[in-house]
Amino acid sequence: MRPQERLAVIQRCVVLEMARLGQDFHPDGAVVRGPGTTAVAVREHPGDDGGAGHVDLGFVLQLGRADAPVVWDCAAGLGKTEEEKLANAVKMWATTTASVLVELADGRGIHADRPDLPELPGWRAVQGPAAVFGFGNEHLAAWLAEHRVLPALAPALRQELAGPGPVGVKLFLGGKAGDDVAEVRVGGEVSEAASAALRALDWPRGERLCWARLFVLLTAERAAPVTAAPAGAAAPAPVRAPAPAAARPRGLFARWREARRAGRQL
């Protein structure tokens, strides 16, 4: 699939998934515009094949402001075709990440939670639902529902937080007994300390592969609220997505896909 074809598929999927969150988005050149000054930018994923099912999406709250923060996140999806993989990747992003950004913008408490976080003084959190997938995922889902993971990571996260934010924190955990994986990314970069703290928690490791992904957005209490302009505001000029970042190591999700292709028992 050529880059422009891939972009068109991703943008169509963003429109569909944002509609599920009650948001009216439409393609507009390099971005997908939403209510007011919100938008979603699409960045070509590093790699000759565009990431083969990976999407890099940036949620913009104040489109047109050069200094406005963009919350970037990468997601991956499985499927028989590239279009199906991209659609599932966007769905994963919408479930865990876009839900958080919608809550930050409208503050209605419908799509994400605002948990108290005394373990991170001076910071406010918005946490989206966890996406749990794989074999026997009900055990990991139940554990996540019963445990507050973020407080356990707070001592490690304090070392990573700087500036007013918003700062995206993505958690990816799972695998199976003897082959587990725990990764925490802060602002898109792996935090070794927070990842080690996540791995040390007693989440269930079964005999077959199961994974979970969740996203939290942190903003400093002293900072001015980061909100979108109302829907009636004047529309600023479109902005182009930043140039692709340097190629990152292959994501953890790739291990599951490789295992399936190799026919290894999961």
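The residues of the chain are indexed from 1 along the displayed sequence.
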Colleague: Please report the C-alpha distance between Asp180 and Trp203 in whole Å, then the side-chain angles of each, then the deciding distance to 0.1 Å, and finally whether the side chain to side chain contact (heavy atoms under 4.5 Å, CB included) criterion is met.
Modeller: CA-CA 10 Å; Asp180 61 354; Trp203 39 273; 3.7 Å; yes
Colleague: Same cluster or not: are Leu144 and Leu201 linked, directly or through other Ile, Leu, Val, Met, Phe, Trp or Tyr residues, by side-chain heavy atoms under 4.5 angstrom apart?
Modeller: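 Yes, it is one cluster - the side chains of Leu144 and Leu201 are joined through contacts under 4.5 Å.
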Colleague: Mind checking what makes side-chain hydrogen bond (donor to acceptor under 3.5 Å, both in side chains) contact with Glu192, not counting sequence neighbours?
Modeller: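 Counting only residues at least two positions away or on another chain, Glu192 forms no side-chain hydrogen bond (donor to acceptor under 3.5 Å, both in side chains).
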Colleague: Just how far is it from atom CG of Leu161 to atom CH2 of Trp123, taken to the nearest 0.5 Å?
Modeller: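 Atom-to-atom, Leu161:CG and Trp123:CH2 are 4.5 Å apart.
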Colleague: Return the NE2 to CG distance between His111 and Leu101, rounded to the nearest 0.5 Å.
Modeller: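 Nearest 0.5 Å value for the NE2-CG distance: 12.0 Å.
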Colleague: Could you check if a side-chain atom of Lys91 sits within less than 4.5 angstrom of a side-chain atom of Cys13, using non-hydrogen atoms only?
Modeller: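 Contact flag for Lys91/Cys13 side chains = no.
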Colleague: Within the structure provided, determine whether Leu217 and Leu104 are in side-chain contact (heavy-atom separation under 4.5 Å).
Modeller: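 With C-beta onward as the side chain, the pair touches.
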Colleague: Could you tell me whether a side-chain N or O of Arg6 sits under 3.5 Å from a main-chain N or O of Met1, the two making a donor and an acceptor?
Modeller: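 At least one qualifying donor-acceptor pair exists.
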Colleague: Any side-chain to backbone donor/acceptor pair from Trp72 onto Ala41? Under 3.5 Å, distance only.
Modeller: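 Absent.
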Colleague: Are Arg213 and Thr97 close enough that some pair of their side-chain heavy atoms sits under 4.5 Å apart?
Modeller: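 Yes, their side chains come closer than 4.5 Å.
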Colleague: For residues Met92 and Ala76, report the shortest heavy-atom separation together with the two atoms involved.
Modeller: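 The answer is CB-O, 4.4 Å.
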Colleague: If I compare all heavy atoms of Leu21 with all of Ala94, which pair ends up nearest, and what's the gap?
Modeller: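 Closest heavy-atom pair between Leu21 and Ala94: CD1-O, 4.0 Å.
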Colleague: How long is the straight-line distance from CD of Gln11 back to CG of Leu86, given to the nearest 0.5 Å?
Modeller: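 These two atoms lie 12.0 Å from each other.
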Colleague: Consider only side-chain heavy atoms of I, L, V, M, F, W and Y, link residues closer than 4.5 Å, and tell whether Leu214 and Ile110 are in one cluster.
Modeller: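 No: no chain of side-chain contacts under 4.5 Å links Leu214 to Ile110.
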Colleague: For a side chain to side chain contact (heavy atoms under 4.5 Å, CB included) check, start with the C-alpha distance between Phe25 and Val40, then their side-chain angles and the critical distance, and finish with the verdict.
Modeller: CA-CA 9 Å; Phe25 277 67; Val40 175; 3.8 Å; yes
Colleague: Using the salt bridge (charged side-chain N to carboxylate O under 4.0 Å, His left out) rule, collect all pairs that involve residues 108-121, keeping only residues at least two apart or in two chains.
Modeller: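 Those involving residues 108-121 are Glu103-Arg114, Asp106-Arg108.
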Colleague: Side-chain donor-acceptor contacts of residues 165-173 below 3.5 Å, not counting sequence neighbours, with atom names and distances?
Modeller:
residue, atom, partner, partner atom, Å
Lys170, NZ, Asp73, OD1, 3.0
Lys170, NZ, Cys74, O, 2.8

Colleague: Show, in sequence, the C-alpha distance, side-chain angles and deciding distance for Arg20 and Glu17, and conclude whether the salt bridge (Lys or Arg N to Asp or Glu O under 4.0 Å) test is met.
Modeller: CA-CA 5 Å; Arg20 298 185 197 277; Glu17 295 302 329; 3.4 Å; yes
Colleague: Of all heavy-atom pairs between Pro27 and Val15, which one has the smallest distance, and what is that distance?
Modeller: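 Here Pro27 and Val15 meet closest at CD-CG2, 3.8 Å.
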Colleague: Is the number of heavy atoms from other residues, nucleotides or ligands within 6.0 Å of CD (Glu138) greater than 12?
Modeller: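 Buried by this count: over 12 neighbours within 6.0 Å.
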Colleague: With the side chain counted from C-beta on, respond yes when Gln127 and Arg148 share a heavy-atom pair under 4.5 Å apart, and no when they do not.
Modeller: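 They are not in contact (no side-chain heavy atoms under 4.5 Å apart), so the answer is no.
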Colleague: State, to 0.1 Å, how close Leu218 and Leu120 come at their nearest heavy-atom pair, and which atoms those are.
Modeller: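 Of all heavy-atom pairs spanning Leu218 and Leu120, the closest is CD1-CD1, 4.0 Å.
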Colleague: Counting C-beta onward and ignoring hydrogens, is there a side-chain heavy-atom pair between Arg208 and Lys176 closer than 4.5 Å?
Modeller: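 Arg208 does not reach Lys176 side chain to side chain.
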Colleague: If you look at every heavy atom in Ala105 and Leu61, which pair is closest and at what distance?
Modeller: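 That closest heavy-atom pairing would be CB-CD2, 4.1 Å.
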Colleague: Hey, what do you get for CD (Glu5) to CD1 (Ile10), rounding to the nearest 0.5 Å?
Modeller: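 Answer rounded to 0.5 Å: 12.0 Å.
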Colleague: Start with the C-alpha gap between Val149 and Trp143, add the side-chain angles, then the distance that decides, and say whether side chain to side chain contact (heavy atoms under 4.5 Å, CB included) holds.
Modeller: CA-CA 10 Å; Val149 177; Trp143 186 90; 3.7 Å; yes
Colleague: How long is the straight-line distance from CZ of Arg205 back to SG of Cys210, given to the nearest 0.5 Å?
Modeller: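 Taking SG in Cys210 and CZ in Arg205, the distance rounds to 12.0 Å.
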Colleague: To the closest 0.5 Å, what do you measure between OG1 (Thr38) and CE (Met18)?
Modeller: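 Nearest 0.5 Å value for the OG1-CE distance: 7.0 Å.
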Colleague: Shortest non-hydrogen contact from Ala75 to Ala89?
Modeller: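 Looking at all heavy atoms of both residues, the closest pair is CB-O, 3.5 Å.
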Colleague: Mind running side chain to side chain contact (heavy atoms under 4.5 Å, CB included) on Leu150 and Val216 for me, showing each step along the way?
Modeller: CA-CA 9 Å; Leu150 206 57; Val216 182; 3.7 Å; yes
